[in-house]
Amino acid sequence: MPPSASPPTRLQTLLPDLGRRTLVMGILNVTPDSFSDGGRFEGVEAAREQAAALTQDGADILDIGGESTRPGHTPVPAAEEQSRVLPVIGAVAPGLSVPISIDTYKASTADVALKAGATLVNDVWGLQREPDIARVAAEHGAPVIVMHNRETIDGSIDIVADMLRFFERSLDIARRAGIAEGDIVLDPGIGFGKSWEQHLEALRRLPEIRALGFPLLVGVSRKSLLGRLHDRETAPRDRLVGSLAAHVLAGSLGADIMRVHDVAPHVEALRVLDAVMRPGSLHG
């Protein structure tokens with residue numbers, strides 16, 4: 001008899017189409033100061049309506065965050081972050097058809113968010129700002145998204161070599177906490193701790209990160225690095241075409257999940273990508 005198949009990981013259970021087609025993570029910022037949509041979805045009702053819109057547009061995951069991590073942001077205490085996200089998670093989770101990730105690097109926020117209905121942890125500091133967040137995720141059986149970040153920008157370094165070292169440390173933290181390797185997603189951190197040239201280099205060299213064997217999440221949506229490629233000054237909301245181009249490129253180089261503000265156009269664009277690059281996808 002053939003050996004029995006391994007049981008699915010928690011990540012595979014939450015995202016059964018991961019690896020079969022390119023998934024879309026919809027951004028729901030419940031902050032007053034996010035770079036693109038700060039203040040628009042602070043209230044519970046506004047957040048509930050946006051969550052419904054994102055899922056109706058085809059989001060596979062909803063990423064809820066209560067602290068802006070834009071360049072120059074002001075950190076907020078855990079209690080304030082939690083006061084923003086918990087009412088929204090509590091209101092949205094019961095009727096949601098897709099999983100929720102909590103966008104935080106704080107262990108205490110991850111803990112209460114997972115208790116409230118979130119099922120994944122998206123840490124912009126790759127489990128390294130508060131390593132106890134890995135223990136929290138493991139105790140809840142929550143997959144983690146591990147993002148590369150840097151305190152300072154150093155344009156002289158090989159940014160991908162830096163990312164590989166960073167991920168080695170993060171993966172060690174995850175393993176020691178008891179997080180299964182099948183429940184880890186890596187994120188190169190486009191827009192975080194890198195020069196403009198390094199952002200492009202990180203995108204160009206995504207296959208080197210993908211070679212580590214983990215799913216990749218990429219988020220370039222509306223970011224300022226796209227604005228530099230315009231012939232005129234643009235507001236974040238005017239960067240849709242560049243966002244689509246960057247994410248289709250990332251998908252062609254091995255990324256599995258795109259973190260975006262504009263879900264519907266990304267779903268449409270990524271169907272074309274999948275039809276070409278993943279001929280066995282559900283969209284084929």
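Remember, it's a predicted structure, so these values are computed and weren't measured experimentally. Heavy-atom basis, side chains included; hydrogens, waters and symmetry copies ignored.
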Q.
Would you say L244 ends up clustered with V260 if hydrophobic residues are merged whenever their side chains have heavy atoms under 4.5 Å apart, either directly or through other cluster members?
A. no
Q) Which distance, rounded to the nearest 0.5 Å, do you find between the CZ of R48 and the CG of L28? A) 12.0 Å
Q.
I'd like to check the side chain to side chain donor-acceptor pair (under 3.5 Å) partners of E201; sequence neighbours left out, ordered by chain and number.
A. R204, R205
Q | T9 side chain to Q12 backbone, donor-acceptor under 3.5 Å | A | yes
(Q) Is it the case that atom CD in E45 sees more than 12 heavy atoms from other parts of the structure closer than 6.0 Å? (A) yes
Q: Provide the closest heavy-atom pair for L225 versus G191 in the form atom of the first, atom of the second, distance.
A: CD2-N, 4.3 Å
Q) For residues 135-148, which residue pairs qualify under salt bridge (Lys or Arg N to Asp or Glu O under 4.0 Å), counting only residues two or more places apart or in two chains? A) D132-R135, R135-E139
(Q) Hydrogens and angles aside, do S108 and Q82 bring a side-chain donor and acceptor to less than 3.5 Å of each other? (A) yes
Q | Same cluster (ILVMFWY, side-chain, under 4.5 Å), L273 and V276 | A | yes
Q: Output, in order, the C-alpha distance, side-chain angles, deciding distance and verdict of side chain to side chain contact (heavy atoms under 4.5 Å, CB included) for D158 and D162.
A: CA-CA 6 Å; D158 181 332; D162 187 78; over 6 Å; no
Q.
According to a hydrophobic-cluster definition based on side-chain heavy atoms being under 4.5 Å apart (Ile, Leu, Val, Met, Phe, Trp, Tyr only), do V146 and L212 belong together?
A. yes
(Q) Could you report the tightest heavy-atom contact between V263 and A59, atom names first, then the distance? (A) CG1-N, 3.5 Å
Q: Not counting sequence neighbours, list each pair that qualifies as a salt bridge (Lys or Arg N to Asp or Glu O under 4.0 Å) and has a residue in residues 246-256.
A: R210-D256, D256-R278
**Q.** ring-ring contact (aromatic ring centres under 6.0 Å, His included) against H247, all qualifying residues, sequence neighbours excluded
**A.** H266
Q: Return yes if some donor-acceptor pair links the side-chain N/O of R228 with the main-chain N/O of W196 below 3.5 Å, else return no.
A: no
Q) Is D60 salt-bridged to R21, going by a charged N under 4.0 Å from an acidic O? A) yes
Q. Going hydrophobic residue to hydrophobic residue with side-chain gaps under 4.5 angstrom, can you get from V85 over to L96?
A. yes
Q) Residues two or more places apart in sequence or in another chain: which of them pass side chain to side chain donor-acceptor pair (under 3.5 Å) with S156? A) D154
**Q.** Contacts of type ring-ring contact (aromatic ring centres under 6.0 Å, His included), residue F167, not counting sequence neighbours
**A.** none
Q) Does the side chain of S243 reach to within under 4.5 Å of the side chain of V220, using non-hydrogen atoms? A) no
Q: Of all the heavy-atom pairs spanning V30 and A47, show the shortest one and how long it is.
A: CG1-CB, 4.1 Å
Q: Answer yes or no: is there a side-chain heavy-atom contact under 4.5 Å between D103 and I64?
A: no
Q: For residues A138 and A177, report the shortest heavy-atom separation together with the two atoms involved.
A: CB-O, 3.2 Å
Q | Full working for side chain to side chain contact (heavy atoms under 4.5 Å, CB included) between D111 and H140 | A | CA-CA 8 Å; D111 184 44; H140 286 275; 2.8 Å; yes
Q) side-chain contact (heavy atoms from CB on, under 4.5 Å) with A250: which residues, sequence neighbours excluded? A) L203, L206, V218, A255, M258
Q. For residues 181-197, which residue pairs qualify under salt bridge (Lys or Arg N to Asp or Glu O under 4.0 Å), counting only residues two or more places apart or in two chains?
A. R175-E181
Q: Identify whether the distance between the nearest side-chain nitrogen and carboxylate oxygen of E67 and K106 falls below 4.0 Å.
A: yes
Q) Going from CG on D274 to OG1 on T22, what distance comes out if it is rounded to the nearest 0.5 angstrom? A) 3.5 Å
Q: Is it possible for you to say whether L216 and V160 belong to one hydrophobic cluster, with membership spreading through side-chain heavy-atom contacts below 4.5 Å?
A: yes
(Q) Show, in sequence, the C-alpha distance, side-chain angles and deciding distance for E81 and T104, and conclude whether the side-chain hydrogen bond (donor to acceptor under 3.5 Å, both in side chains) test is met. (A) CA-CA 9 Å; E81 180 186 35; T104 187; 3.0 Å; yes
Q | Audit row: V136, V121, side chain to side chain contact (heavy atoms under 4.5 Å, CB included) steps and yes/no | A | CA-CA 10 Å; V136 168; V121 175; 6.0 Å; no
Q) Applying the side-chain contact (heavy atoms from CB on, under 4.5 Å) test to H148, which of V124, L186, I159, L164 qualifies? A) I159
Q. With a 4.5 Å limit on heavy-atom distance, are the side chains of P188 and F166 in contact?
A. no
Q) Taking side chain as C-beta onward, heavy atoms only, is I184 less than 4.5 Å from P143? A) no
Q) With sequence neighbours left out, what residues match R176 under side chain to side chain donor-acceptor pair (under 3.5 Å)? A) D172
Q) Sub-3.5 Å donor-acceptor pair from the side chain of K223 to the main-chain atoms of I190, do we have one? A) yes
Q: List, by chain and then residue number, the residues other than L23 in its hydrophobic cluster (Ile/Leu/Val/Met/Phe/Trp/Tyr, side-chain heavy atoms under 4.5 Å); write none if there are no others.
A: L11, L14, L15, L18, M25, I61, L120, I145, V185, L217, I257
Q) What distance separates S221 OG from H261 NE2, expressed to the nearest 0.5 Å? A) 5.0 Å
Q: Enter the distance from E80:CD to R84:CZ here, rounded to the nearest 0.5 Å.
A: 4.0 Å
Q: Report the C-alpha separation of Q198 and M163 in whole Å, then their side-chain angles, then the decisive distance to 0.1 Å, and conclude whether the side chain to side chain contact (heavy atoms under 4.5 Å, CB included) test is met.
A: CA-CA 11 Å; Q198 287 172 333; M163 291 162 64; over 6 Å; no
Q) Any side-chain donor paired with an acceptor under 3.5 Å for Y105 and Q128? A) no
Q.
Tell me the closest heavy-atom pair linking V248 and A269, and the distance in Å.
A. CG2-CB, 4.1 Å
Q) Is there a donor-acceptor pair under 3.5 Å between the side chain of S170 and the backbone N or O of G126? A) yes
**Q.** Heavy-atom closest contact (L114 atom, A142 atom, distance)
**A.** CD2-CB, 3.8 Å
Q) Could you give all pairs that pass the side-chain hydrogen bond (donor to acceptor under 3.5 Å, both in side chains) test and reach residues 117-126, with sequence neighbours left out? A) D63-N122
Q: Taking side chain to side chain donor-acceptor pair (under 3.5 Å) as the test, write out the residues that go with D262, two or more places apart.
A: R222
Q.
Could you measure the distance from the CD atom of E49 to the CG atom of L54? Nearest 0.5 Å is fine.
A. 12.0 Å
